[in-house]
2 protein chains.
Amino acid sequence: MNSAPSTTDRAGYEDPRITRSRALIMEAAARVFLQRGYPGTSVDDIAAEAGVSKRTVYNVFDDKEQLFRAILDQAITTAERYSLAFGATAAETVDVEVALTALARELAASVLSGRVVPLRRLLIGEASRFPEFAAEYYERAPARVMTAVAGALRGFGERGLLRIDDPELAAEHFAFLAIGPSLDRALFDLESDTDAATATRAVERAERGAAAFLRAYAA
Amino acid sequence: MNSAPSTTDRAGYEDPRITRSRALIMEAAARVFLQRGYPGTSVDDIAAEAGVSKRTVYNVFDDKEQLFRAILDQAITTAERYSLAFGATAAETVDVEVALTALARELAASVLSGRVVPLRRLLIGEASRFPEFAAEYYERAPARVMTAVAGALRGFGERGLLRIDDPELAAEHFAFLAIGPSLDRALFDLESDTDAATATRAVERAERGAAAFLRAYAA
DNA sequence: CCTACCGATCGGTAGG
DNA sequence: CCTACCGATCGGTAGG
């Protein structure tokens, strides 16, 4: 899809050298895009970071935008896989307080660590240039996680452990009580990406957010 | 500060032509930066939008970055003025449900309309290039509003109308229940900026968020 | 894989 | 003489 058709034969096999180059380039591009932004990153930067020539980059990807698209697809795939697993364990627990506290911690750990926050910065910052990228990511990543949370909360509601009238709204309340303040601040504060103290505070906030949710939605 | 010292005499008077040019340039720069981003905007674009020559832009501002800084200062000043007034009326009310619902609506209206969301996109997107701009904005705008909300909630707590142990945490819970989901989505969805249906849904969400807060923090 | 190069455009500055 | 402003163009770099 993202590469020239000629690099793949009719049976779908790709030259292993291209496969290897693609992986190197995508990893390098993700690293550099997330750090310096889309316009702040030149294709030369990516090629140098990947240890390939610029010409190789253009052999594997049509242009800079398609490379961005490939990075986004990869991130969305990861997020979708994650959202399927999310909350699966929580739904089996009988102690709703324990389950929701664990769910809040899990949410904080997954959203506030790794590349999620840098990717959000990138997509939000480029939303005017690539509105469809930002919108698609939102629908296929955070919105899916929200749906998974809503499903778990509906389960608790049906078992009489919580009072849930509107699972989608309740999921939003749960998620934003748990990680809303931490996430919002993280978007503006680059240093927090690697700061251990920030991570600790985020987990504590998640726990206290879950506690507030439990008070608001107690059966 | 931003202009050459020679344009202002010892008494602080500035050539009225410069004052007028500065206003034209800043309004144009705010419009274009917020729409197309910092690197996506050329100084020529700004000059054209302001109806002045590029040379005039460089007579008033040292460079493109200082112009960005001036826009940011203006936005921060507006936000600080707003945060001082915020919640002043709420603290006088006796009916806490009415007061908090009004506060939530007020928060939604002020954050989700106007230039706040586009400015957030700009600062978040440029956080890697201008980390101090993003951090300063956060501390002087959203963080101040949060402090104002915390003050109002503390007042309700002291009057026995709410159970508030930690006003700062409670303020975060209130704010993110009220506008967290709407704000997060707005950052990714450019069309929502001018969409009336989105605004209506945001107000409804704010009201239901305030209701959840009241359940969690009832005395 | 490297150097060289293109058409276009950038931020910033020259002379008048 | 000064400053503000103009049309034109600088050196350097972007994506391709």
Side-chain angles (χ1 to χ4, degrees), chain A residues 2-4 6-7 15-26 28-29 32-33 35-71 122 125-126 128-130 133, chain B residues 1-29 32-33 35-71 122 125-126 128-130 133:
Chain A
N2 298 319
S3 60
S6 54
T7 60
D15 188 315
R17 291 171 297 181
I18 292 187
T19 305
R20 178 181 151 74
S21 291
R22 188 201 305 280
L24 286 170
I25 294 164
M26 282 188 64
V32 188
F33 277 150
Q35 195 176 49
R36 294 180 237 168
Y38 182 80
T41 300
S42 70
V43 178
D44 283 307
D45 290 340
I46 295 167
E49 191 77 9
V52 303
S53 75
K54 185 159 64 170
R55 192 72 193 82
T56 301
V57 174
Y58 282 101
N59 279 338
V60 182
F61 297 96
D62 290 347
D63 54 30
K64 193 183 177 187
E65 181 176 335
Q66 292 235 15
L67 181 46
F68 187 20
R69 174 78 235 185
I71 301 297
L122 178 60
E126 295 304 319
S128 62
R129 201 185 324 240
F130 303 111
F133 285 14
Chain B
M1 305 271 203
N2 298 319
S3 59
S6 53
T7 60
T8 306
D9 72 17
R10 289 192 188 95
Y13 293 118
E14 192 181 59
D15 188 314
R17 290 171 297 181
I18 293 187
T19 305
R20 177 182 152 76
S21 292
R22 187 199 307 280
L24 287 171
I25 293 163
M26 284 189 63
E27 175 51 33
V32 188
F33 277 149
Q35 195 175 49
R36 293 179 238 168
Y38 183 79
T41 300
S42 70
V43 178
D44 284 305
D45 291 339
I46 295 167
E49 191 78 8
V52 303
S53 77
K54 184 158 65 168
R55 191 71 191 83
T56 301
V57 173
Y58 282 102
N59 279 337
V60 181
F61 298 96
D62 291 347
D63 53 30
K64 193 184 176 185
E65 181 177 336
Q66 292 235 14
L67 181 46
F68 187 19
R69 174 79 236 184
I71 301 297
L122 178 61
E126 295 305 317
S128 61
R129 201 185 324 241
F130 303 111
F133 284 15

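Labels below follow one simple rule: chain letters A, B, ... track the order of the sequence lines, proteins then strands, and each chain is numbered from 1.
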Does atom CD (B:E49) have a neighbourhood of more than 12 heavy atoms from anything else shown, all under 6.0 Å?
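More than 12 within 6.0 Å, yes.
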ring-ring contact (aromatic ring centres under 6.0 Å, His included) with B:F33: which of B:F130, B:F133, B:F68?
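Running ring-ring contact (aromatic ring centres under 6.0 Å, His included) over B:F130, B:F133, B:F68 with B:F33 returns exactly one hit, B:F68.
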In whole angstrom, what separates [X]'s [atom1] from [N]'s [atom2]?
X: B:D62; N: C:dT13; atom1: CG; atom2: P; result: 10 Å
X: A:R55; N: C:dC1; atom1: CZ; atom2: C1'; result: 12 Å
X: A:N59; N: D:dG16; atom1: CG; atom2: P; result: 14 Å

Dot-bracket notation for DNA chain C, counting Watson-Crick and G-U pairs under 3.5 Å, with | for partners on another strand
....||...||.|.|.
Member of B:D63, B:D44, B:I25 meeting the side chain to side chain contact (heavy atoms under 4.5 Å, CB included) criterion with B:V57:
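Checked B:D63, B:D44, B:I25 against B:V57; only one passes side chain to side chain contact (heavy atoms under 4.5 Å, CB included): B:I25.
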I want to check one thing: is the phosphate of D:dT13, taken as OP1 and OP2, less than 4.0 Å away from some side-chain N or O of A:S42?
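So the side chain of A:S42 is outside the cut-off, no N or O lying under 4.0 Å from OP1 or OP2 of D:dT13.
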Would you kindly check whether a donor in the side chain of A:K54 faces an acceptor in the base of D:dG16, or vice versa, at under 3.5 angstrom?
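Donor-acceptor pair under 3.5 Å: yes.
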Can you tell me which nucleotide in [options] comes closest to the side chain of [X]?
X: B:T56; options: C:dG11, D:dC5, D:dG16; value: D:dC5
X: A:K64; options: C:dG11, C:dC1, D:dG15; value: D:dG15
X: B:D63; options: C:dC1, D:dG16, C:dG12; value: C:dG12
X: B:Y58; options: D:dC5, C:dT13, C:dC1; value: C:dT13

Across the strands shown, which category fits A:G51 at heavy-atom distances under 4.0 angstrom: base, sugar-phosphate, nothing?
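Sugar-phosphate: the residue A:G51, judged by heavy atoms under 4.0 Å, touches backbone atoms but no base.
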Any base atoms under 4.0 Å from B:T41, or only sugar-phosphate, or nothing? Heavy atoms, all strands.
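Answer is sugar-phosphate: B:T41 comes under 4.0 Å of backbone atoms only.
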